[in-house]
Amino acid sequence: MATESIQDIKRRIKSVSSTERITNSMKLVSAGKLRKAKNLFEKTNENAHFITKTISDLFNTSVDVPGDYLEGSREIRNTAYIIITSSKGLCGGFNTNVIKEAQSGIDALACSPAIFAIGGKCKDYFEKRGYSITDSYLAPPENITFLEAKEMVEPILKMYENRVIDEVVLVYTSFVSAIEQKVVTERLLPFSIEKSAGATGPVRHVAYEPSVDIVFNYLIPKYVEMKLYSAVIESATCEHAARRMAMENATDNARDMLDRLNLNYNRARQTAITNEIIEIVAGSEAQAG
């Protein structure tokens, strides 16, 4: 019985050791990807913040914004959701938190939304629950280019302009720090002038060339494209941070389990040795008697 127990513990030690090596390797890989993604995020975020703030200030301080893009210009009947998850697992609650936030917003709608899925986890989740996926991007989000983000935005804007949809909502994960990320729900269209952040200064009358419509028809797609692209880059950074933390926790748990198994192994081995000694002594005494 003791021998069988020792063999069983040895098999478990071997299995947990293999798992610990894998999770530790994945932690190191994720840490490297996080550094690279964070550098890209910081550069992109700086440019995106400048561009979106400039355009937001223009929207907030101008009286000539086309009414179709402003809050209250139409009844909100149909909504489009752009949901950013990862295409891989093993990243803790990263995907679950995004999907839970998106599902909560979708449940509050009167009818099913048009879903634009960035990341395979989002697409799989909603397809299994009977939702129709309008469009999807299934490659790793960190590989998306600005051109690809622009191509994703084009059909969304056309649907909005043709009143197929009346609202565009973006759900993604915002990077706070390497150990903290939070899910954000942001409405891209229509604009809420009163609530837009960073707008200062009096309302001004500006002369637009060649026309107001042409200028804003150029600016608004750029605004949405930049918001989507920066959100994808930020979400990818959060994914690597979440996976690094998940693998670090898994590695620590595996090491704790190894410590307990080694202790049990030593106890079982000592018990087996003691039993053998007892049997030898008992046998010697029997022969002597």
Side-chain angles (χ1 to χ4, degrees), residues 51-85 98-118 122-123 125-127 129-137 149-174 183-199 203-206 208 211-232:
I51 294 171
T52 55
K53 184 179 183 302
T54 300
I55 296 176
S56 295
D57 287 347
L58 182 59
F59 291 153
N60 281 272
T61 58
S62 175
V63 296
D64 299 315
V65 181
D68 196 42
Y69 294 103
L70 298 180
E71 184 181 25
S73 62
R74 62 172 77 180
E75 182 181 356
I76 305 299
R77 295 179 179 177
N78 299 304
T79 301
Y81 263 81
I82 306 173
I83 306 169
I84 305 175
T85 63
V98 175
I99 290 172
K100 183 178 179 180
E101 177 77 9
Q103 184 69 72
S104 177
I106 290 172
D107 289 342
L109 299 176
C111 58
S112 296
I115 296 178
F116 294 82
I118 299 179
C122 169
K123 183 175 183 293
Y125 174 87
F126 285 102
E127 277 188 338
R129 284 154 183 80
Y131 290 92
S132 177
I133 306 299
T134 305
D135 197 4
S136 61
Y137 179 88
K150 179 181 178 180
E151 291 174 350
M152 289 198 66
V153 166
E154 286 177 354
I156 298 173
L157 290 175
K158 288 181 180 178
M159 291 173 69
Y160 183 84
E161 291 166 0
N162 295 331
R163 295 184 177 269
V164 177
I165 57 175
D166 306 298
E167 183 183 39
V168 180
V169 177
L170 174 64
V171 183
Y172 68 102
T173 308
S174 176
V183 180
V184 174
T185 298
E186 184 175 355
R187 186 171 69 178
L188 299 182
L189 290 173
F191 297 108
S192 177
I193 295 296
E194 294 80 10
K195 296 181 180 180
S196 293
V203 174
R204 61 192 178 208
H205 294 270
V206 181
Y208 296 96
S211 69
V212 172
D213 289 338
I214 291 177
V215 171
F216 277 98
N217 285 337
Y218 174 80
L219 287 178
I220 289 170
K222 294 301 177 186
Y223 178 84
V224 178
E225 289 164 10
M226 202 68 212
K227 293 289 286 186
L228 176 60
Y229 179 66
S230 62
V232 171

How about [X] and [Y]: do any of their side-chain heavy atoms sit closer than 4.5 Å?
X: Tyr160; Y: Arg74; result: yes
X: Ile118; Y: Val232; result: yes
X: Leu189; Y: Ile165; result: no
X: Leu188; Y: Ile156; result: no

Closest heavy-atom pair and its distance - Met159, Thr134: SD-CG2, 4.4 Å

Nearest heavy atoms of Val183 and Val98, plus distance in Å: CG2-N, 3.9 Å

[atom1]/[X] to [atom2]/[Y] distance, rounded to the nearest 0.5 angstrom?
X: Ile133; Y: Tyr125; atom1: CD1; atom2: OH; answer: 11.5 Å
X: Ile106; Y: Ile83; atom1: CD1; atom2: CD1; answer: 4.5 Å
X: Lys150; Y: Lys222; atom1: NZ; atom2: NZ; answer: 4.0 Å
X: Cys122; Y: Ile99; atom1: SG; atom2: CD1; answer: 6.0 Å
X: Ile84; Y: Thr173; atom1: CD1; atom2: OG1; answer: 8.0 Å
X: Leu219; Y: Met226; atom1: CG; atom2: CE; answer: 14.0 Å

salt_bridge(Lys158, Glu161) N-O dist < 4.0 Å: no

Partner set under side-chain contact (heavy atoms from CB on, under 4.5 Å) for Ile76, not counting sequence neighbours: Thr79, Asp166, Glu167, Pro190

Donor-acceptor side-chain pairing of Tyr131 and Gln103 below 3.5 angstrom: yes

